[in-house]
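Okay, so here's the structure we're looking at.
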Amino acid sequence: MDDWWSSSSDSFSLSAEIHEVMKAKEASLRAWVGQSPQLNMRRYLVDWLINISDNIFHFDPPTIHLAIYLLDNFMDRYEIQDKTIYLIALISLLIAVKMEEDSKVPKISELNRCVDNRFELKEYLHIELILLRSFCFDLVIPTAAHFIDYYETIALSADDLLKYKGYGDSCSDPSILYKKARLTVKKHIHYFLEISLQHLPFRKFLGSQVAASCAAASRMCLDLKPCWSTALKKRTGWVWQDIEECVHMLIGFYNEDMEAERERQALIHEEKFSVVRDS
């Protein structure tokens, strides 16, 4: 359903009902164990699929999140030969886009070019059937990316404008300031959403927990207090204790990224200074 998360007066009740159905669905999913022999390859496979999804096919976040979910859970159930793992990853992406964006489904030949035409058509068809059967053809699976838009709509309130420090003084129009703030919050939320996809420890949380944690972590980074607002608590159904661990994990990875960026900038500055000094 397009824009099911809309909070307009005529659709809010339906949105809330859909949200509850999605949370019930995620709670019924098979628990992830983390026993795949290929776990050491997971980060590379995730980054590879994100790159393919973003830069070649331009899929939306729910597609890549569903693809990674399918890949993770299939790897968790079966021992897969290393030479086949890329085929499994591509088929996971193919199934995900069929579920999420049927107007963008790529040809198998297009997928095969991503691995230098390594596999035959019959291999794609065979593995796709195996994956479908392994999930009993039940592929309506809510991930963090399926919850995030619903939570994002209330991640920032008009009252937060008084607290937010990221604007500058060039604009005094409240509506423009609010739009700018919303864009900044959205950027942080989707940054954290990708972090949660890349790092294995987040698999122990439910998708709605991760999405809620992305909203809270974004507010925390932007110094919006409280980071877990009453509106978010009511909409998500999660209290702070339910998401605290996940939020702190996200902030930990954020701090690591910020430190790496500071080191990178310091190195660039030192190299520029060295060039000037030696000239």
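This chain uses plain numbering: 1 for the first residue, then up along the sequence.
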Quiz item: Taking the side chain from S53 and the backbone from L49, do they hold a donor-acceptor pair closer than 3.5 Å?
Solution: no
Exercise. Report the C-alpha distance between S208 and T236 in whole Å, list the side-chain angles of each, state the deciding distance to 0.1 Å, and finish with yes or no for side-chain contact (heavy atoms from CB on, under 4.5 Å).
Key: CA-CA 7 Å; S208 61; T236 66; over 6 Å; no
Quiz item: Is a side-chain donor-acceptor pair under 3.5 Å present for D242 with Q209?
Solution: no
Exercise. List the steps, then state whether side-chain contact (heavy atoms from CB on, under 4.5 Å) holds for V115 with W48.
Key: CA-CA 11 Å; V115 285; W48 181 64; 3.7 Å; yes
Self-check item: Passing option when L29 is tested against D138, L206, N73, I141 for side-chain contact (heavy atoms from CB on, under 4.5 Å)
Solution: I141
Practice problem: Tell me, yes or no, whether the heavy-atom count around K187 atom NZ, taken from other residues, nucleotides or ligands under 6.0 Å, exceeds 12. | Solution: no
Practice problem: Could you tell me how the ring of F135 sits relative to the ring of Y69: parallel (under 30°), tilted (30 to 60°) or perpendicular (over 60°)? | Solution: tilted
Quiz prompt | Check: Q38 and L45 side chains under 4.5 Å, non-hydrogen atoms | solution = no
Practice problem: Could you tell me whether the side chain of K104 reaches within less than 4.5 Å of the side chain of F59, counting heavy atoms only? | Solution: yes
Practice problem: For residues E100 and P62, report the shortest heavy-atom separation together with the two atoms involved. | Solution: OE1-CB, 3.8 Å
Exercise. Determine whether the side chains of T63 and D60 contain a donor N or O and an acceptor N or O closer than 3.5 Å.
Key: no
Exercise. Taking atom CD of Q81 as the centre, report whether more than 12 heavy atoms of other residues, nucleotides or ligands fall under 6.0 Å from it.
Key: no
Quiz prompt | Steps toward salt bridge (charged side-chain N to carboxylate O under 4.0 Å, His left out) verdict (K23, E26) | solution = CA-CA 5 Å; K23 287 191 71 175; E26 70 171 358; 5.7 Å; no
Quiz item: Between L93 and V97, is any pair of side-chain heavy atoms under 4.5 Å apart?
Solution: no
Exercise. Report the relative orientation of the aromatic rings in H188 and Y254; use parallel for angles under 30°, tilted for 30 to 60°, perpendicular for over 60°.
Key: tilted
Exercise. Report yes or no: does R182 contribute a side-chain atom to a donor-acceptor pair with the main-chain N or O of L156 at less than 3.5 Å?
Key: no
Quiz item: Which pair of heavy atoms, one from L131 and one from I95, lies closest together, and at what distance?
Solution: CB-CD1, 3.8 Å
Quiz prompt | Reported CZ-to-SG distance for the pair R30 and C136, which is rounded to 0.5 angstrom | solution = 11.5 Å
Practice problem: For R77 and S134, indicate whether the former's side chain and the latter's backbone hold a donor-acceptor pair under 3.5 Å. | Solution: yes
Self-check item: SG on C114 to CG on L90, rounded to 0.5 Å
Solution: 6.0 Å
Quiz item: Is there a side-chain contact between E17 and S13, using heavy atoms and a 4.5 Å cut-off?
Solution: yes
Exercise. For F253, check ring-ring contact (aromatic ring centres under 6.0 Å, His included) against everything at least two apart and list the hits.
Key: H199, F202
Quiz prompt | Main-chain N/O of T143 paired to H146 side chain as donor or acceptor, under 3.5 Å | solution = yes
Quiz item: Quick one: does I56's side chain get under 4.5 Å of E110's, heavy atoms only?
Solution: no
Quiz prompt | Within-4.5 Å side-chain heavy-atom neighbours: K122 and L125 | solution = no
Quiz prompt | Crowding at NE2, H126 (>12 non-hydrogen neighbours, <6.0 Å) | solution = no
Exercise. Report the distance from atom CG of L250 to atom NE2 of H248, rounding to the nearest 0.5 Å.
Key: 10.5 Å
Quiz item: Above 12 or not: heavy atoms from other molecules or residues under 6.0 Å from NZ of K25?
Solution: yes
Practice problem: Kindly say whether the aromatic ring centers of F147 and H65 come within a distance under 6.0 Å. | Solution: no
Exercise. In sequence, state the C-alpha distance, the side-chain angles, and the governing distance for H190 and E152, and then conclude on side-chain contact (heavy atoms from CB on, under 4.5 Å).
Key: CA-CA 10 Å; H190 284 270; E152 185 186 304; 3.1 Å; yes
Exercise. Can you label the angle between the F74 ring and the Y78 ring as parallel, tilted or perpendicular, going by 30° and 60°?
Key: tilted
Quiz item: So which heavy atom on V210 is nearest to which on F205, and how close?
Solution: CG2-CB, 3.8 Å
Quiz prompt | Distance-minimising heavy-atom pair for G34 and D76 | solution = N-OD1, 2.7 Å
Exercise. Inspect the surroundings of CD in Q35 and state if more than 12 heavy atoms from other residues, nucleotides or ligands are less than 6.0 Å away.
Key: yes
Quiz item: About how many Å separate CZ of R235 and OH of Y150, when rounded to the nearest 0.5 Å?
Solution: 4.5 Å
Exercise. State yes or no: do L200 and I85 share one hydrophobic cluster built from I, L, V, M, F, W and Y residues joined by side-chain heavy-atom distances below 4.5 Å, directly or via other members?
Key: no
Quiz item: Would you say M22 and I68 are hydrophobically clustered, going by side-chain heavy atoms of ILVMFWY under 4.5 Å?
Solution: no
Practice problem: Could you walk me through whether W240 and V247 pass side-chain contact (heavy atoms from CB on, under 4.5 Å), step by step? | Solution: CA-CA 9 Å; W240 173 248; V247 171; 3.9 Å; yes
Quiz item: Under a 4.5 Å cut-off applied to non-hydrogen side-chain atoms, are L222 and D160 in contact?
Solution: no
Quiz item: Got more than 12 heavy atoms from elsewhere within 6.0 Å of CZ, R262?
Solution: yes
Quiz prompt | Reported CD1-to-OG distance for the pair I189 and S213, which is rounded to 0.5 angstrom | solution = 11.5 Å
Quiz item: Do you reckon Y191 sits in the same ILVMFWY cluster as I64, going by side-chain contacts under 4.5 Å, direct or chained?
Solution: no
Quiz item: Would you say the side chain of I91 lies within less than 4.5 Å of the side chain of L70, judging by non-hydrogen atoms?
Solution: no
Quiz item: Quick one: do V105 and V140 end up in the same hydrophobic cluster if we chain Ile, Leu, Val, Met, Phe, Trp and Tyr together by side-chain heavy atoms under 4.5 Å apart?
Solution: yes
Quiz prompt | Distance-minimising heavy-atom pair for W238 and A212 | solution = CD1-CB, 4.1 Å
Exercise. Begin from the C-alpha positions of S109 and N112 and carry the test side chain to side chain donor-acceptor pair (under 3.5 Å) through to its verdict.
Key: CA-CA 5 Å; S109 60; N112 209 24; over 6 Å; no
Quiz item: Are L39 and V33 connected in a single hydrophobic cluster, I mean Ile/Leu/Val/Met/Phe/Trp/Tyr linked by side-chain heavy atoms less than 4.5 Å apart?
Solution: no
Self-check item: Polar side-chain atom of R219 near backbone of W228 as donor-acceptor pair, under 3.5 Å
Solution: no
Quiz item: Which atoms form the tightest heavy-atom contact between P106 and L94, and what is the distance?
Solution: O-CD1, 4.0 Å
Quiz item: Do the side-chain N and O atoms of R42 and S36 include a donor-acceptor pair separated by under 3.5 angstrom?
Solution: no
Exercise. Rounded to the nearest 0.5 Å, what's the gap from CG on L111 to OH on Y86? Could you check?
Key: 15.5 Å
